[in-house]
Protein chains: 2
Amino acid sequence: MRYAADHIVSALKTAREKKGISQRELSAKAGVPQAQISRFENGDVDIRLSSLVSLGRALDLEIELVPRQAIAAVESIVRAITRSERAIQTTRTSNDVAKLVRTLKAVRSPDISSLAIEKTLSHLRVLERFQPTTEQLEAVKRFNDTLAKTKRLDLDPEVFAKHAKAIELIRTQVAYTAPPVSLPEPAYALDDEEDDDA
Amino acid sequence: MRYAADHIVSALKTAREKKGISQRELSAKAGVPQAQISRFENGDVDIRLSSLVSLGRALDLEIELVPRQAIAAVESIVRAITRSERAIQTTRTSNDVAKLVRTLKAVRSPDISSLAIEKTLSHLRVLERFQPTTEQLEAVKRFNDTLAKTKRLDLDPEVFAKHAKAIELIRTQVAYTAPPVSLPEPAYALDDEEDDDA
DNA sequence: CCATGCGATATCGAATAAGACATCAAGTAA
DNA sequence: TTACTTGATGTCTTATTCGATATCGCATGG
């Protein structure tokens, strides 16, 4: 079924994804069955307000009625806040960084210097300590995707450089803008074969 | 039934009332049965999102998901806009002014000079030409309520003066801030026994 | 290969919103 | 009084969410 509330539906879904929690976790928090959440996110059901509020609350979102005149202003505020929100550190989101670390370590290409790889790895170590924004995490994911596609075989040095540059930029951003608090408990460890600090 | 969405419910109800439209009118606009709107406004039903959106749209309101961090800012914006919104001119809202005019004309009290009454009446004439904000209209309603309560008998001159002062203030505000457009068509006429312009 | 976690689906019964009426009491205007 | 409007309720029937539970295919990691 399609009903005229797509933006709410997709907003809730992306909110969940940004928090990096699964439908089952959200289900536990909100007290709404996972099956129901799935149906809801796919627009299969015309959700009731009480359920919507429950789900929203579990995601730190409130439902507001905004006058048409004000929605531009409101959305810009919301956008600004959302953008600057740190991604909640979970096993899942940190896995994106960990995964990239793992893959990079496996790269053995004649066209890419191990020095360049080391540099990127050290940037990732910084990302691990601070909490990157969801926006920044996406760059990590893109890097992962690219590496997955090329299967680490014919890795184009140009492409690699581009992604590496992106990571470096993020590292700089993070170091300057992220709160200098270290993670309460690193969800994973980087040190399996090296141990130098950046 | 009570479910945790009171603020939405009451917001929608007051929005409708501020527009001065009846449940039946809203029903026609939104395509939702009047009975359903009544039950909804009383919190008797757990409304579905599609209905909520329909009702909201008919009232120029959009549903937004706002991060908890942002709701203070958002609400302040919404408040600011709502407060300064011109009341939609309908038979109902203009009746508030007309009613006050009628009641005032009927006042015959030894404690209140007819001059004071005349003055207020002339202010009301200005209010009729311009569109007062909903906030300002409320002062008119309050005056009405007070007069209704006292049944025009033992009207306290102090109280009268206070309300009259409020109306005068509004008249000044309106003359300065309201758009100098006259109403497309005055929903009612003031001139039944006098015709002097202010 | 096996275990795990993910989102999507299916089924079923119970609860309930929705829709289409019809009133009704209270207030209000003529 | 009479006529009209408004919001609230009642009563049907139908449609659909909801909740509980199980399962599926898929991807990932060991």
Side-chain angles (χ1 to χ4, degrees), chain A residues 1-3 5 9 12-14 16-17 19-28 30-55 90-96 98-103 105-106 141 144-145 147-149 151 187-188 192, chain B residues 1-3 5 9 12-14 16-17 19-28 30-55 90-96 98-103 106 141 144-145 147-148 187-189 192:
Chain A
M1 166 192 297
R2 184 111 329 258
Y3 58 99
V9 168
L12 211 58
K13 177 168 185 175
T14 63
R16 178 181 65 78
E17 286 171 344
K19 291 220 170 217
I21 70 179
S22 68
Q23 291 181 347
R24 283 184 171 83
E25 287 176 83
L26 178 57
S27 166
V32 174
Q34 177 266 329
Q36 199 65 13
I37 295 178
S38 170
R39 281 188 273 257
F40 167 52
E41 287 186 352
N42 288 352
D44 292 334
V45 298
D46 190 355
I47 197 174
R48 298 201 189 145
L49 182 53
S50 63
S51 302
L52 179 60
V53 170
S54 298
L55 289 175
T90 67
T91 316
R92 189 152 220 14
T93 58
S94 56
N95 271 350
D96 289 325
K99 188 179 181 183
L100 184 52
V101 168
R102 254 183 281 116
T103 322
K105 281 182 181 173
K141 286 183 192 169
N144 271 326
D145 289 347
L147 288 175
K149 264 180 211 146
K151 286 163 191 165
Y188 67 99
D192 24 329
Chain B
M1 169 191 296
R2 183 111 332 257
Y3 58 99
V9 168
L12 211 58
K13 176 168 186 174
T14 62
R16 178 182 64 79
E17 286 171 343
K19 291 219 170 216
I21 71 179
S22 69
Q23 292 181 347
R24 281 186 172 80
E25 288 176 82
L26 178 57
S27 167
V32 174
Q34 178 265 329
Q36 200 65 14
I37 294 178
S38 169
R39 281 187 266 258
F40 167 52
E41 287 186 352
N42 289 351
D44 292 335
V45 297
D46 190 356
I47 197 176
R48 297 200 189 145
L49 182 54
S50 62
S51 302
L52 179 61
V53 169
S54 298
L55 291 175
T90 66
T91 316
R92 188 154 222 12
T93 58
S94 56
N95 271 349
D96 289 325
K99 188 179 180 184
L100 184 52
V101 168
R102 254 183 283 116
T103 321
K141 287 183 191 169
N144 272 328
D145 290 346
L147 288 175
Y188 67 98
D192 24 328

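Chain identifiers are assigned alphabetically (A, B, ...) following the order of the sequence lines, protein sequences preceding nucleic acid strands; residue numbering begins at 1 within each chain. In this text, all values refer to a predicted model and were calculated from it rather than measured experimentally.
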Atom-to-atom span, [atom1] of [X] to [atom2] of [N] - whole angstrom:
{"X": "Leu12(B)", "N": "dG7(D)", "atom1": "CG", "atom2": "P", "value": "13 Å"}
{"X": "Asp46(B)", "N": "dT17(D)", "atom1": "CG", "atom2": "C1'", "value": "10 Å"}
{"X": "Leu52(A)", "N": "dA17(C)", "atom1": "CG", "atom2": "C1'", "value": "16 Å"}
{"X": "Leu49(B)", "N": "dT16(D)", "atom1": "CG", "atom2": "P", "value": "16 Å"}
{"X": "Phe40(B)", "N": "dG7(D)", "atom1": "CZ", "atom2": "P", "value": "15 Å"}

Inset, instruction - Kindly indicate whether the side chain of Ile47(A), heavy atoms from C-beta on, has any atom under 4.5 Å from the side chain of Val9(A). - result: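 Counting from C-beta outward, Ile47(A) and Val9(A) never come under 4.5 Å.
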Legend entry - Non-neighbouring partners of Arg48(A) that pass side-chain hydrogen bond (donor to acceptor under 3.5 Å, both in side chains), sequence neighbours left out: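 In terms of side-chain hydrogen bond (donor to acceptor under 3.5 Å, both in side chains), with neighbours along the sequence ignored, Arg48(A) is linked to no residue.
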Legend entry - Set of side-chain hydrogen bond (donor to acceptor under 3.5 Å, both in side chains) partners for Arg16(B), sequence neighbours left out: Glu41(B)
Legend entry - Value rounded to 0.5 Å, distance of CG in Leu49(A) from OG in Ser51(B):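 Rounded to the nearest 0.5 Å, the CG-OG separation comes to 10.5 Å.
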Inset, instruction - Any chance you could measure Glu17(A), atom CD, to Leu12(A), atom CG, to the nearest 0.5 Å? - result: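 With rounding to 0.5 Å, CD (Glu17(A)) is 10.5 Å from CG (Leu12(A)).
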Inset, instruction - Can you see which heavy atom on Leu52(A) is nearest to which on Phe40(A), and at what distance? - result: CD1-CZ, 4.1 Å
Inset, instruction - Ignoring backbone atoms, test whether Ser22(A) places a side-chain nitrogen or oxygen under 4.0 Å from the OP1 or OP2 oxygen of dC6(C). - result: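 Yes, such a contact exists.
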Legend entry - Side-chain N or O of Ser51(B) closer than 4.0 Å to phosphate OP1/OP2 of dA17(C): no
Under 3.5 Å, which N/O atoms of the protein pair with N/O atoms of nucleotides 8-15 of chain C?
unit_1	atom_1	unit_2	atom_2	d
dA8(C)	OP1	Asn42(A)	OD1	3.2
dA8(C)	OP2	Gln23(A)	NE2	2.8
dA8(C)	OP2	Ser38(A)	OG	3.2
dA8(C)	N7	Gln34(A)	NE2	3.1
dA8(C)	N6	Gln34(A)	OE1	3.2

Inset, instruction - Could you tell me which residues satisfy side-chain contact (heavy atoms from CB on, under 4.5 Å) with Ala35(A), sequence neighbours excluded, listed by chain and number? - result: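 Partners of Ala35(A) by the side-chain contact (heavy atoms from CB on, under 4.5 Å) criterion, ordered by chain and then number, come out as Arg39(A).
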Inset, instruction - Apply side-chain contact (heavy atoms from CB on, under 4.5 Å) to Ser54(A) and list each qualifying residue two or more places apart in sequence or on a separate chain. - result: Val32(A)
Legend entry - Angle of first-five versus last-five pair axes in the helix from dC1(C)-dG30(D) to dA30(C)-dT1(D), to 10 degrees: 40°
